[in-house]
Each structure stands twice: as C-alpha cells, then as structure tokens.
Amino acid sequence: MVYALDCLALSPQNNIRVFVSGQIFSAPLQLCLEGVPMWDNLKHALARIILAEGILIKLKHLQSSLDSLDIEGVFPRYQHAVKSGTLANEEPTLNDWINAVAEFRRSNDLCGHADGSERRLNDKQTVLEFLLSTVLKDISIMIAVEQVPSQSASPSTAAELPKYRIAIVDTEPKKLSKMPVYLERYQRIVSNYLKSHPDPETQKHCQE
C-alpha cells in the first residue's frame, strides 16, 4: 500500500493531493523524491487507514459485480433497451437510480453476491449497473488526518491509527448518452494494445 501511494505521488497526472492546514503542497512528487519526513510519516498513516477501512476491497467487489460484462457485453443490451423503449433517450431519473441500487442489493442477497453474469438482469438494469460501476471507477477518496505520528514516536504509537475522517466524493451519475463513448474508448485501448503487442505470446491476460 505504501508503494502504491508513492507511485501515485510520482504520477504526472497528480492523482494524489496533499493539504496541510488548508494549503495544498505544490507537488507530492517533490515530497516523494526529496524524502520529506512529513510525507514519509503521512503515507504510512494513510496506508494503515486504507487497509483498516477495507475500502479498496469493497470498491473492487462492487466494480466487478456491477460490471461483469464490460462495455462490449453491455452495449448490445443498451442498444436493445433504447430500441425497445425500455430506456428512453432522456437520462435516468433519481428514481431509476434508486430502483437500480435496490435491485442490485436484492438480487445479490438472493444469489449469494453473484455477479451480473450469474444474475438474470433485464437490459435496463444491466446498463444502469454498468454506469454505476463507471462512477465507482472515477470517485475520489478524501482522508482527513488530525495528526500524523512523528518520526520520534515510539513503535507502538506509530502503529496506532491516527484520528481521521474519510469520505467519498465525485459520485455524480454517469450519463447514458456516453455509452457509445465508452465503447469507442475501450476499443481504441484494445486496438492500440494489440498493435504494440502483435505477438500473442507477449499478450497479457486480464487478471483480478
């Protein structure tokens, strides 16, 4: 987990942002490269919090359960739902999302947490679950830590969880109209990968 946080800090996409007393550090990359003690202490505290919460495991389970068919499997269901009128051209309503989440929970309880390939879903539910999984792939996790143990702290104190608050943001529903965009993006990624790895022997298989 600590290694993953360092990789995020080193990413040029700036996927991790650090604020102290309301002020953002200009570049977590610098914190990582320069060996700033504050970052070293913070990343270990964050790792303990993330592991204790189990939030990444929960997100992984939900993403895989909601998106068992991937976009190529879902897109024909989307086309059929639009053509049949099951899904209108308008975006899903709040009630649509509430009903989709309730049905996901109900069918998971009945099927013992099976994924969508094992549950019998109608076209509308399949599409809405895919969009929900897309939301989960784009969320942000905010962790507010009250005080990070210092380097001089005893081993027992350093191993304790600091006081913190955790929240998930950026949970706006994805638009139904973006389904063709998701398909095109996925196909482009696959096409570029196959061009760069034309030999089947060098191609990697998807793994959990």
Side-chain angles (χ1 to χ4, degrees), residues 4 7-8 11 13 15 50 53-142 166-208:
C7 289
L8 283 175
S11 170
Q13 295 181 344
N15 286 327
I50 293 170
E53 289 283 341
I55 190 167
L56 298 184
I57 298 297
K58 295 173 186 175
L59 287 173
K60 177 185 174 182
H61 168 71
L62 287 172
Q63 288 171 2
S64 61
S65 298
L66 289 164
D67 182 19
S68 60
L69 301 179
D70 72 49
I71 183 60
E72 288 192 316
V74 171
F75 198 76
R77 307 282 295 270
Y78 159 75
Q79 291 177 308
H80 184 265
V82 172
K83 186 176 181 180
S84 65
T86 306
L87 276 174
N89 289 328
E90 296 82 15
E91 295 299 326
T93 65
L94 178 59
N95 281 336
D96 287 330
W97 291 117
I98 291 173
N99 292 335
V101 171
E103 174 59 22
F104 172 72
R105 288 177 170 173
R106 186 193 69 81
S107 59
N108 266 264
D109 290 340
L110 290 177
C111 299
H113 304 287
D115 62 31
S117 63
E118 298 171 325
R119 295 179 289 128
R120 295 184 178 180
L121 305 179
N122 60 44
D123 293 337
K124 180 177 181 179
Q125 182 69 19
T126 300
V127 173
L128 292 183
E129 287 192 10
F130 170 80
L131 291 176
L132 285 171
S133 76
T134 306
V135 172
L136 295 178
K137 295 170 186 174
D138 284 343
I139 63 169
S140 298
I141 301 173
M142 298 183 67
I166 188 168
I168 293 176
V169 296
D170 300 331
T171 58
E172 296 83 1
K174 299 300 182 181
K175 293 185 178 297
L176 187 65
S177 58
K178 292 195 69 175
M179 289 293 289
V181 176
Y182 295 137
L183 178 64
E184 189 277 332
R185 182 185 302 166
Y186 175 84
Q187 291 176 333
R188 187 174 68 250
I189 291 171
V190 172
S191 176
N192 290 335
Y193 177 79
L194 293 177
K195 287 179 182 177
S196 62
H197 298 79
D199 183 1
E201 296 295 327
T202 65
Q203 295 172 7
K204 296 181 180 180
H205 297 283
C206 294
Q207 297 180 348
E208 282 291 332

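- A salt bridge (charged side-chain N to carboxylate O under 4.0 Å, His left out) check over residues 178-190, counting only residues at least two apart or in different chains, returns the pairs Glu184-Arg188.
- Using a 4.5 Å cut-off on side-chain heavy atoms (C-beta onward), Phe104 and Leu62 make contact.
- The side chain to side chain contact (heavy atoms under 4.5 Å, CB included) test applied to Ile98 returns Leu94, Asn95, not counting sequence neighbours.
- The side chain to side chain contact (heavy atoms under 4.5 Å, CB included) test applied to Asp170 returns Ser140, Glu172, not counting sequence neighbours.
- Taking Lys58 as the reference, nothing meets the salt bridge (Lys or Arg N to Asp or Glu O under 4.0 Å) condition, with sequence neighbours excluded.
- Within the 3.5 Å criterion, the main-chain N or O of Ser64 finds no donor-acceptor partner in the side chain of Ser68.
- Here the CG-OG distance, from Leu59 to Ser133, works out to 11.5 Å after rounding to the nearest 0.5 Å.
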Item to complete: Verify side chain to side chain contact (heavy atoms under 4.5 Å, CB included) between Glu129 and Leu121, making sure each step is shown before the conclusion.
Response: CA-CA 10 Å; Glu129 287 192 10; Leu121 305 179; 3.6 Å; yes
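- Every side chain to side chain contact (heavy atoms under 4.5 Å, CB included) that Asp96 has, sequence neighbours left out, goes to Pro92, Thr93, Lys124, Leu128.
- When side chains are defined from C-beta on, Thr126 does not count as touching Asn122, because their heavy atoms never get closer than 4.5 Å.
- The local environment of CD1 in Ile57 is sparse, with at most 12 non-hydrogen atoms from other residues, nucleotides or ligands closer than 6.0 Å.
- Sorted by first and then second residue, the pairs that involve residues 64-82 and meet salt bridge (charged side-chain N to carboxylate O under 4.0 Å, His left out), not counting sequence neighbours, are Asp67-Lys137, Arg77-Asp123.
- Without hydrogens or angle criteria, Gln125 side chain to Glu103 main chain gives no donor-acceptor distance under 3.5 Å.
- Proximity of a side-chain donor or acceptor of Gln63 to a complementary backbone N or O of Leu136 within less than 3.5 Å is detected.
- Ile141 places a side-chain heavy atom less than 4.5 Å from the side chain of Ile55.
- Looking at heavy atoms from C-beta onward, Met179 lies in side-chain contact with Leu131 at the 4.5 angstrom threshold.
- With sequence neighbours excluded, the residues forming a side chain to side chain contact (heavy atoms under 4.5 Å, CB included) with Leu132 are Leu66, Trp97, Val101, listed by chain and number.
- Counting only heavy atoms from C-beta outward, the side chains of Tyr78 and Phe130 never approach each other to under 4.5 Å.
- Under the rule for a side-chain hydrogen bond (donor to acceptor under 3.5 Å, both in side chains), the partners of Ser84 that lie at least two apart in sequence or sit in another chain are Thr86.
- For the side-chain hydrogen bond (donor to acceptor under 3.5 Å, both in side chains) test, residues two or more places apart in sequence or in another chain that qualify with Asp138 are Lys174.
- Taking Glu53 as the reference, Tyr164 meet the side-chain hydrogen bond (donor to acceptor under 3.5 Å, both in side chains) condition, with sequence neighbours excluded.
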